[in-house]
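Only one structure is covered here, and it is reproduced in the block below.
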Amino acid sequence: MNAFAPTPECVTDITPSGEDYAIVKQVIELITLDYRDQPSLENIADELGQSPTQLQKVFTRWAGLSPKAFLQAVTLDHAKRLLGHEQLPLLETSYEVGLSGPGRLHDLFVTHEAMSPGEWKAKGGGLTIRYGFHPSPFGLALVMATDRGLAGLAFADDEGGRDACFEDMAKRWPNAEYVPDQAATAPYIARVFDPDRWHREEPLRVVLIGSDFQVRVWQSLLKIPFGKAVTYSDVARDIGQPTASRAVGAAIGRNPISFVVPCHRALGKSGALTGYHWGLTRKRAILGWEAGRA
DNA sequence: ATTTGGTGTTGTG
DNA sequence: CACAACACCAAAT
């Protein structure tokens, strides 16, 4: 059960226990399934065998958003609104708005640097990657870092999912050396999920380790302003390969630094939420979380 | 509503 | 070096 790594005790406990996450997850699933019926808090609590007040409290603490607000935020209508409340905003224009609009919340102030082609070909050879598991608002998170910055962020579904999660990440750079080091990764977690620190403090350094094409796609995602979304074909157009939307989808799916590189802000052309490497439920949750803070 | 055909890149043999 | 697999999309049933 707990054979993989010692449970983190150095972590600041702003996050709910795994149990809470499990409950919240059910709530989210229920809401997103039945949002058409606009279920009341009572209905939901009934369905899950919880008391309404308790449920309200847990959910709000977890998401910074009441269940009611979340319900509204998460309808398809919301997803479509993200794409642009006027006509479909082409990526260019949303960049304009995102970059030049006064006081507009831009994205995380992330400075990114890609690895050189040589380093990429080495598949992580000669690279030391420190990693650790930490609780996060969206479940247990696996953080990976090199001395040049944050390299990977993934989500594990439950305790048993740790190994699978680590495998999934580690096979991306098979020749790297992996060292468990909670102390090194803890600072990243603290910053990444605290929106107040995104633009004031010094920028977050990340390293994008991937093929040339993938890196271009990820850089394009980083330009999407907070609280906005784009379609896969928008991204394809932005990187100068307008017919490559499918390839873009594949590349987005391999994004190693989830949440930081906002792959959750990529939607299908109709505004429908399409896939997510760590589960559609989590994608909805993240979008809802952002909607509550926009 | 569903199906079908055209896509670019990547991982595998 | 070919080939199947993809978090897609538009056009034709």
Side-chain angles (χ1 to χ4, degrees), chain A residues 25 28-29 32-33 36 74-76 78-80 82-84 87-92 94 107 114-125 127 138-139 141-142 151-157 161 164-165 167-176 208-224 228-290:
Chain A
K25 188 172 157 188
I28 291 171
E29 270 161 5
T32 50
L33 213 64
R36 269 169 280 254
V74 145
T75 53
L76 252 187
H78 168 70
K80 284 177 184 160
L82 280 181
L83 279 177
Q87 303 302 341
L88 58 154
L90 299 186
L91 200 59
E92 294 85 274
S94 61
D107 196 47
M115 311 222 60
S116 73
E119 288 171 306
W120 158 242
K121 262 204 305 211
K123 304 238 185 237
L127 198 64
F138 307 107
L142 168 62
L153 176 58
F155 294 108
D157 261 318
C165 180
E167 270 312 305
D168 181 49
M169 291 303 287
K171 71 174 180 236
R172 289 158 144 85
W173 314 297
N175 298 330
L208 300 175
I209 311 176
S211 72
D212 188 55
F213 179 82
Q214 288 170 336
V215 168
R216 283 197 341 263
V217 169
W218 300 334
Q219 284 175 343
S220 176
L221 287 181
L222 281 172
K223 292 192 282 183
I224 307 171
K228 287 276 182 196
V230 295
T231 66
Y232 294 96
S233 46
D234 285 335
V235 176
R237 192 165 45 245
D238 181 57
I239 62 172
Q241 258 145 301
T243 57
S245 54
R246 189 152 193 175
V248 164
I252 292 178
R254 299 204 79 78
N255 163 34
I257 319 180
S258 76
F259 189 80
V260 173
V261 175
C263 51
H264 52 278
R265 295 189 203 139
L267 310 177
K269 191 139 205 172
S270 65
L273 272 64
T274 38
Y276 193 62
H277 191 78
W278 291 278
L280 271 181
T281 298
R282 206 177 321 254
K283 185 171 184 174
R284 291 194 198 92
I286 295 174
L287 284 168
W289 183 84
E290 290 193 347

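Letters A, B, ... are given to chains in the order of the sequence lines, protein chains preceding strands, and every chain is numbered from 1. Just so it is clear, the values below take in all heavy atoms, side chains as well, and ignore hydrogens, waters and symmetry mates.
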Inset, instruction - Check whether any side-chain N or O of K283(A) sits under 3.5 Å from a backbone N or O of L273(A) as a donor-acceptor pair, and report yes or no. - result: no
Inset, instruction - Without swapping roles, check the side chain of S245(A) against the backbone of A236(A) for a donor-acceptor pair under 3.5 Å. - result: no
Legend entry - Opening and closing nucleotides of DNA chain C in contact with chain A, under 4.0 Å to non-hydrogen atoms: dC6(C) to dA10(C)
Inset, instruction - Measure from the ring center of W278(A) to the ring center of F138(A) and say whether it is less than 6.0 Å. - result: no
How many whole angstroms separate atom [atom1] of [X] from atom [atom2] of [N]?
{"X": "W173(A)", "N": "dG11(B)", "atom1": "CH2", "atom2": "P", "answer": "13 Å"}
{"X": "W218(A)", "N": "dT9(B)", "atom1": "CH2", "atom2": "P", "answer": "15 Å"}
{"X": "K121(A)", "N": "dG11(B)", "atom1": "NZ", "atom2": "P", "answer": "14 Å"}
{"X": "K171(A)", "N": "dT10(B)", "atom1": "NZ", "atom2": "P", "answer": "17 Å"}

Legend entry - Distance in Å, S211(A) OG paired with M115(A) CE, rounded so as to fall on 0.5 Å steps: 13.5 Å
Legend entry - S258(A) OG to I252(A) CD1 distance, which is reported to the nearest 0.5 Å: 13.5 Å
Legend entry - Complement of dT7(B), any strand, by Watson-Crick or G-U distances under 3.5 angstrom: none
Inset, instruction - Using Watson-Crick or G-U wobble geometry with both distances below 3.5 Å, tell me the partner of dA7(C), or none. - result: none
Inset, instruction - Would you indicate what T274(A) reaches in the nucleic acid, counting non-hydrogen atoms under 4.0 angstrom: base, sugar-phosphate, or nothing? - result: nothing
Inset, instruction - Indicate, with a heavy-atom threshold strictly under 4.0 Å, whether F213(A) touches base, sugar-phosphate, or nothing. - result: sugar-phosphate
Legend entry - Stretch residues 245-252 of chain A: residues that reach within less than 4.0 Å of DNA chain B through a heavy atom: R246(A), A247(A)
Legend entry - No-hydrogen, no-angle side-chain donor-acceptor test under 3.5 Å, Y276(A) and T281(A): no
Inset, instruction - Classify the side-chain pair H277(A)/N255(A) by whether it contains a donor and acceptor separated by less than 3.5 Å. - result: no
Inset, instruction - Return no unless some side-chain N or O of Q241(A) is found under 4.0 Å from OP1 or OP2 of dT9(B). - result: yes
Legend entry - Geometric cation-pi criterion, K171(A) with W173(A): 6.0 Å, 45°: no
Inset, instruction - For the pair K223(A) and D238(A), find out whether any cationic side-chain nitrogen is under 4.0 Å from an anionic carboxylate oxygen. - result: yes
